[in-house]
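Read the structure below first, then the notes.
Labels below follow one simple rule: chain letters A, B, ... track the order of the sequence lines, proteins then strands, and each chain is numbered from 1.
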Protein chains: 2
Amino acid sequence: MDLQKIRYFLVLAEELHFWRTAERVFISQSSLSRHMQALEEELGIRLLERDKRNVKLTDAGKFLQQQWRVKVRELDHIQSQAKKISEGEAGGVSITYPGSIAFKFLPLFLDNLNSKLPNLKIELTEPNDENHEKLLLDYKADLAFGRDRITNSSIETYKLYAEPVCLIVPKAHWLTQENFVSLKDLQSERFILSGLHQKTFFASFLRNLFYNYDFEPQVLIESDFGGMILSLVSKGLGITILPSSFSYAKAENVRFIELDEEIGLYMNWRKNELNKAIERVVECGKETAMLYSEM
Amino acid sequence: MDLQKIRYFLVLAEELHFWRTAERVFISQSSLSRHMQALEEELGIRLLERDKRNVKLTDAGKFLQQQWRVKVRELDHIQSQAKKISEGEAGGVSITYPGSIAFKFLPLFLDNLNSKLPNLKIELTEPNDENHEKLLLDYKADLAFGRDRITNSSIETYKLYAEPVCLIVPKAHWLTQENFVSLKDLQSERFILSGLHQKTFFASFLRNLFYNYDFEPQVLIESDFGGMILSLVSKGLGITILPSSFSYAKAENVRFIELDEEIGLYMNWRKNELNKAIERVVECGKETAMLYSEM
DNA sequence: ATCGACTAATGCAAAAAATGCATTATTATG
DNA sequence: CATAATAATGCATTTTTTGCATTAGTCGAT
């Protein structure tokens, strides 16, 4: 069975019109017609109800449209992943990262990486839901920087460094590193936090933090995007808690106050990976962490 | 890209020998050789390292073997599901069920179903892990009988009936329906239970039960298979708790003592299902439940 | 070093499949 | 009833696939 036929079918299932479809896929109407006949024949399944004027999908056709659409995408994705493996250091890796490292560690890392493997194509994404584990296992990502260690037997993990978590207040705020005693004193403050209800590691870290200090913060605004939070704080709309990495974001009019708590940065990637470029990228990550820690 | 080529590749990736592979797939060696060349060409990916004497997979080849193997299976499965839809009431449905209903409700249901839809092919499985939800969503099952209601927006659920949960003891045991007061009196008894650590609904039901009566049972033996548990009880190896349905299993030498707790039986299936036979099967299930309740 | 056995690739001719044009057959519309 | 629309089909042409026979490397035994 030819995948091409399936692709044609998927277009036809959208268009429901042989001529337009034929045009869209650059073959003649007659060829398309015969492709569809052949496909139905091969499967032994009626896919289309044709009267001489209209085309519509049978139930089985609708089902196969839904299912095939997904699988064809997956097959394409698999192929592009295989290509990356095939091309090794001239290929590519796709990397996910938390927003906090975008200002210092990540640029340092990319710079380092680029000088070591100048031909490697790099694809960066900052995932919203931080489900790194799934992204790695589905080959949507090859290397995931994250705030937590993934515990999965087919994923390798490495701690790069730890950094303090900071309370961030507007410059004009009464609180300073010197007069800061405990989070408990901030019960009446308004917080801007990244979605506490979320399942990300940082969200659960925060929940836990407030739980330990035994109070519920007044959350004024929620945002997943650290840069946004920072800018709201600088506008005096509230205070927040973020990893100290954000101090490199050059936000104006804010003050960072270090807490006792620390948060780690981890690097996660698939074990037994066939894409050999990734090993090199991992090495480079470890090296960058050294560099970073010494700065 | 022809799926057939991929199938050939998967065989070749196992055999690593063109002649043997060609024989296994009933084509000539030359044809196979050219198929593999064409496949590599199309993908732009080297799959095989050939010297004149040996064949082995490249890294990309290994990757594609792993991934394609899965996807090809999935595509086949999709196709067979489409076939069932296409054939309607002359097609088939696959049904999962918990062991407890195998003695009375299920035979009644199947009998009823068979008289209503005599051409329908039925595939029965008793899943170990009871992850009905996933089975339904992956189209591994079309209708799932289970002890819990699945709450998923694309799954429809219907309560068939509720039945008491029973304590089951050997005939010679001192405990009877009359002298039974509370589970608490059974702290010193030895239990044979279905794996309490499991994630099945019945396991969590049991955990909850013991939690409410505020004691931890002494679990002597664990088994997932109700029939086995029953036979162990009849041999005097311990006592157990199971849905009262098991009383239809005609186990010798055991006594059932009804508890106050009840447990339901639910029927779950996909919403907006294209396989029209399933609607009829569902109806039939509801009808059977009426019948069953009146008996 | 030489020979023979083994194995993947290739030249070639025959067979099969796909393609597009022109045409047909059917149906909806005015 | 004429017309426009549209999917299927006959047919000649082109492209692809197939298997046989052969070639060309490679390994191992002598």
- Message: Can you tell me how far apart CZ (B:R270) and CG (B:L136) are? Round to the nearest 0.5 Å.
- Response: 6.0 Å
- Task: Write down the distance between CD (B:E41) and P (D:dT17), rounded to a whole number of angstrom.
- Result: 12 Å
- Note on the structure: Ranking B:L16 and B:R34 by the position along DNA chain C of their nearest nucleotide, the one closer to 5' is B:L16
- Item | Residues B:R280, B:E89: salt bridge by 4.0 Å N-O rule | yes
- Measure distances between side-chain N and O atoms of B:S30 and base N and O atoms of D:dC20, and say whether any donor-acceptor pair falls under 3.5 Å. yes
- Query: Rounded to whole angstrom units, what separation is found between the CD1 atom of A:I27 and the P atom of C:dG20?
  - Reply: 7 Å
- Query: Ignoring hydrogens and angles, are the base of D:dA8 and the side chain of A:Q29 linked by a donor-acceptor pair under 3.5 Å?
  - Reply: yes
- How close or far is atom C1' of C:dA8 from atom CZ of B:R46, stated in whole angstroms? 12 Å
- Query: Within a strict 4.5 Å, meaning less than it, do heavy atoms of the A:L137 and A:S154 side chains meet?
  - Reply: yes
- Kindly say if A:H17 contacts the phosphate of D:dT6, meaning a side-chain N or O under 4.0 Å from OP1 or OP2. yes
- Message: Quiz question: going by heavy-atom distance under 3.5 Å, is there a donor-acceptor pair between the base of C:dG20 and the side chain of A:S31?
- Response: no
- Task: Take atom CE of B:M36 and atom P of D:dT18, then tell me their distance rounded to the nearest Å.
- Result: 11 Å
- Message: Quick check on D:dT18: is either OP1 or OP2 less than 4.0 Å from any side-chain nitrogen or oxygen of B:S28?
- Response: no
- Item | Verdict with supporting geometry, A:Q4 and B:D2, side chain to side chain donor-acceptor pair (under 3.5 Å) | CA-CA 8 Å; A:Q4 193 58 43; B:D2 198 337; over 6 Å; no
- Item | Closest listed nucleotide, where the reference is the side chain of A:R50 and the choices are D:dA7, D:dC20, C:dA9 | D:dA7
- The side chain of B:V55 lies closest to which of these nucleotides: D:dT9, C:dA8, D:dT6? C:dA8
- Item | Any B:Q4 side-chain N or O less than 4.0 Å from OP1/OP2 of D:dT17 | no
- Message: Measure NZ/A:K56 against P/D:dA7 and give the value in whole Å, please.
- Response: 15 Å
- Message: What is the distance, to the nearest angstrom, from the CD atom on B:Q37 to the P atom on D:dT18?
- Response: 13 Å
- Query: Does A:H35 have a side-chain nitrogen or oxygen under 4.0 Å from the phosphate oxygens OP1 or OP2 of C:dT19?
  - Reply: yes
- Message: Nearest to the side chain of B:K5, heavy atoms from C-beta on, is which of C:dA8, D:dT18, D:dT17?
- Response: D:dT17
- When the distance from CG of B:L48 to C1' of C:dT7 is rounded to whole Å, what number comes out? 14 Å
- Distance flag, aromatic centroids of A:Y97 and A:F109, threshold under 6.0 Å: no
- Query: Given atom CG of A:L39 and atom P of D:dA7, what is their separation to the nearest angstrom?
  - Reply: 17 Å
